[in-house]
Amino acid sequence: MTILETKKLGISFGGLRAVDDFSISIQKGQLYGLIGPNGAGKTTVFNLLTGVYKPTDGSITLDGENITGKSTIEISKAGIARTFQNIRLFKNLSVLDNVKLGLHNRVKYNLLTSIFKVGSYSRKEEEMNKIALELLRVFGLENEAQLPASSLPYGMQRKLEIARALATNPKLLLLDEPAAGMNPNETAELMETIKFVRDEFDMTILLIEHDMRLVAGICEEICVLNFGTVLAKGKTSEVLNDPRVITAYLGE
Amino acid sequence: MSFLSQLINGLSVGSIYALIALGYTMVYGIAKMLNFAHGDVIMVGAYTIFTAVSMLGLDYWIAIILSVVFCTVLGIVIEKIAYKPLRKASPLTVLITAIGVSYLLQNIVLLIYGSHQRPFPKIISVKSIKIGENLVISGEAFFTMVITIVIMIILTLFIKNSKTGRAMVAVSEDKGAAELMGINVNRIISITFAIGSGLAAIAGLFFASTYGFIGPYSGAMPGIKAFIAAVLGGIGSIPGAMLGGILLGVVEGLSKAYISTELSDAIVFSILIVILLFKPSGLLGKNVTEKV
Amino acid sequence: MGAKSEKNKPFPGGIGRFRQKYDNNFLISFGIMIAIFLFCFLMIATGNATRHFKSLLVPAGINIILAISLNLVVGILGELSLGHAGFMSVGAYAGCLFSIYTQELFPIGVRFPLSLLVGGLVAAFFGLVIGVPVLRLKGDYLAIVTLAFGEIIRSVIINLDFTGGAAGLKNIEKHTTYTSVFIIILITLFVILNLINSRHGRAIMAIRDNRIAAESLGVNITYFKLLSFILAAFFAGIAGVLYGHNIGSLTAAQFDYNRSIEILVMVVLGGMGNIKGSIISAILITIIPEMLRGADKYRMLFYSIILIIMMLLNASPRFAEFKRKIRIKNLASALKSKSRQKEEV
């Protein structure tokens, strides 16, 4: 079953063609890697998929629903969640509250309930706490639930960001360089976490990564982006041995 | 007064706004902050001249040079003490600090000189120019406009051609990249504050000469209006500041003459709201999108 | 509490329904307010309150309302509004005009609460009108536009006839008592603290901490910004009506930019986002200048120094580290005592 399909996706900034003719198709439960040299347009693809940028051409289909040109909020509701290259947590809020924000559109009550604390308030908050703590437990963060997010060490912040994204109950999870700034041990642990998330939540994951060991280790398929266009895509082992890809990475 | 002389009045006041707006726009472009205290530096500049001329009896030219030097130093000191520690703080923090600095300057002057308005010495004495039957351009207005245009040309040349000027452009485009290229970002920001504050001293001279009086709060209103001028022209753009300042001066002059003196401020402020509604990047500004 | 029920609790510290609804922030803020009220009540009842003391109660209360409501925008939402006095004035004029024109229509008991409501709603309406176009913009612009709004309102009020023009609005009946101000403070506290401790409040704080991340989670930025802005304007408007009914007259000059800054100083001094702090600093800022009458000319100087120092402290990494240590230490010791309790059971 296809979860994400992009067809001839493209965007221009002024005269610059940042992404062109980007077509991929990701199956449910797949771990898909998006790689390429710096400035190849990888994060731009994420920004197109999440509605931060509106594509100038092409279409995006999520689980059969056309989400091309929709706003970030609509796309979040439709089922795409993401993490960021430079971690973006709500640093003054507690770890628990960070995850509860992921539940913002899943467990809802209205403004009057907020102000008067009547009706479903307690029930809904308990429900949120339960889901959020369950997620934190999965990532080994339950003991830090009450700490401010900014007090977590780097690796835990990355995990918290993934937990928060999962809280939105997405159909597709986008990870933007999850291993950035990690040492080999942390990276190895992260690979386990990503695989675990895929298996435990039956999640479809698209990730941008520079760490080739991570990509080769966990991605079933990859797509190589160079100068905004697809250089190669397909099975990881095949793509990584493609001479064009090696040239793009290592130069002539 | 005829429409034309109203227009020329507006142009003259507008060129003062333009001078102040230049300082705003340069600081905003390079340090990415709204320096609320900029208007009060104008007031300090005017008080420096007042002290030198009316109290110490110094020569006009010496007074003006003193004022420019004093404001330049003041600008650098303010930046070092109040803004530099906040480079990584949120814009909100910087803005509140700048408001604090603005109030600090006002109140220090208030404590030294008292709250009453002081007559500003008549420094600029240029003969009025008579064109035709009813059109007279006052010498001050003419002088103000000419000097503003000269300063603007020098500034543009400086930024285009000097090494420091190009470094300023680089810092305004991308601070991190500029740093990697070996540009001393802190020094560039200091220079920007110095130039902006020096210009503010000259603006202070013109402003006080036009109105004839100064008080501790004299700088606040023209400061805010000059900021509006900078937004109108497109914040970060030097020709934009010039255009915005002059447009604002003209609109203000004409609304004072033909609508109502009391409402002229309200009209000027409404321009800000309208421009932000329809063209937030200003007349000559670039659209900037936030990086994700 | 048995170990078994503890285990079923949502988390180790344990949060009951009551504590979920009313967190420490809520209970302490209400506690402070009620203690202050009881203190004032006792002072008056025992005849210990001087005229001067009594005359300060209402202004202090009004400042509390203004400071908490501005804190919602500045501290919780993280946007700078420099037009709080403007919203206060719009509310004041609307509410006071309402109570003047309906003098024959309603008895006091109905007219006064209604005029408060009218003042709040009109101010909220202005908050909406200003907010819709502006809240899409970046922070610096919001500050300058709210400042502009305050100035526009002031010149418009001076130029209108039914507001009494520059001479001001006179003959407003003096209905504001310290009890009525106290009730309004409690309502304001109730609404704002409850809002903060809810999914709506979390969304507002998320926008403050990281707008882009909040948006990626499906938080509607415009809605929540507007919500905080309108709510703050609403309470500022009510504070304005209380103010008018306390002094008995209104002039536009009372609501200038300096007034907005004064409210901002209260918020900054009490700590941005800290509602308890706002209560205390509003009281301090009201009474200290009164106690140091001779030092009145230094007042604005002090304000400016408070603004600069607080901001420099806030941004200083060493100070942040210091605050964090205190917080974690408290939390750690709280957790420890909890687990010790558990062991004993």
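Numbers restart at 1 for each chain; the letters A, B, ... are given by sequence-line order, proteins then strands.
Crowding of B/Y113 atom OH: a count of heavy atoms from other residues, nucleotides or ligands under 6.0 Å exceeding 12. Heavy-atom contacts from other residues, nucleotides or ligands closer than 6.0 Å to OH of B/Y83 number more than 12. Residue C/Y298 places its OH atom among 12 or fewer non-hydrogen atoms of other residues, nucleotides or ligands, all under 6.0 Å distant.
Interface remark: B/L111 contributes side-chain atoms only to the contact with chain C (heavy atom separation under 4.5 Å). In this structure, chain B has no heavy atom under 4.5 Å from any part of C/V265. When heavy atoms are compared at a cutoff of 4.5 Å, B/I108 approaches chain C by way of both its backbone and its side chain. With a 4.5 angstrom heavy-atom cutoff, B/V231 touches chain C only via side-chain atoms. Looking at B/L272, only its side chain comes within 4.5 Å of chain C, counting heavy atoms on both sides. Using a 4.5 Å cut-off between heavy atoms, C/L147 contacts chain B through its side chain alone, with no backbone atom that close. In this structure, the portions of B/S270 lying under 4.5 Å from any heavy atom of chain C include both its backbone and its side chain. Looking at C/L82, the atoms closer than 4.5 Å to chain B (heavy atoms on both sides) all sit in the side chain, from C-beta outward. Contacts of C/L301 with chain B are made by both backbone and side-chain atoms, with heavy-atom separations under 4.5 Å.
Top candidate by heavy-atom pairs under 4.5 Å with chain B, chosen from C/L264, C/I261, C/I305, is C/I261. For chain C, the option among B/I267, B/I273, B/L263 with the highest count of heavy-atom pairs below 4.5 Å is B/L263. The candidate from B/G100, B/P91, B/A89 with the greatest count of non-hydrogen atom pairs under 4.5 Å with chain C is B/G100. Interface summary for chain C: among B/V101, B/I99, B/I81, the most heavy-atom pairs under 4.5 angstrom belong to B/I99.
For the pair B/I96 and C/M272, the minimum side-chain heavy-atom distance is below 4.5 Å. Residues C/R208 and B/L92 have side chains not in contact (no heavy-atom distance under 4.5 Å, counting atoms from C-beta outward).
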Using the rule given for side-chain contact (heavy atoms from CB on, under 4.5 Å), can you reason through C/E151 versus B/I224, listing the C-alpha separation, both sets of side-chain angles and the distance that settles it, and then say yes or no?
CA-CA 11 Å; C/E151 296 298 311; B/I224 292 166; over 6 Å; no
Between C/N258 and B/Y103, does the side-chain contact (heavy atoms from CB on, under 4.5 Å) criterion hold? Intermediate values first, please.
CA-CA 10 Å; C/N258 285 334; B/Y103 265 73; 2.3 Å; yes
Could you walk me through whether C/L307 and B/T97 pass the side-chain contact (heavy atoms from CB on, under 4.5 Å) check?
CA-CA 6 Å; C/L307 288 179; B/T97 312; over 6 Å; no
Show, in sequence, the C-alpha distance, side-chain angles and deciding distance for C/I144 and B/F36, and conclude whether the side-chain contact (heavy atoms from CB on, under 4.5 Å) test is met.
CA-CA 10 Å; C/I144 212 91; B/F36 240 85; 4.0 Å; yes
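For residues 217-231 of chain C, a heavy-atom distance under 4.5 Å to chain B picks out no residue at all.
Between B/A266 and C/I152 the shortest heavy-atom distance is O-CG1, 3.8 Å.
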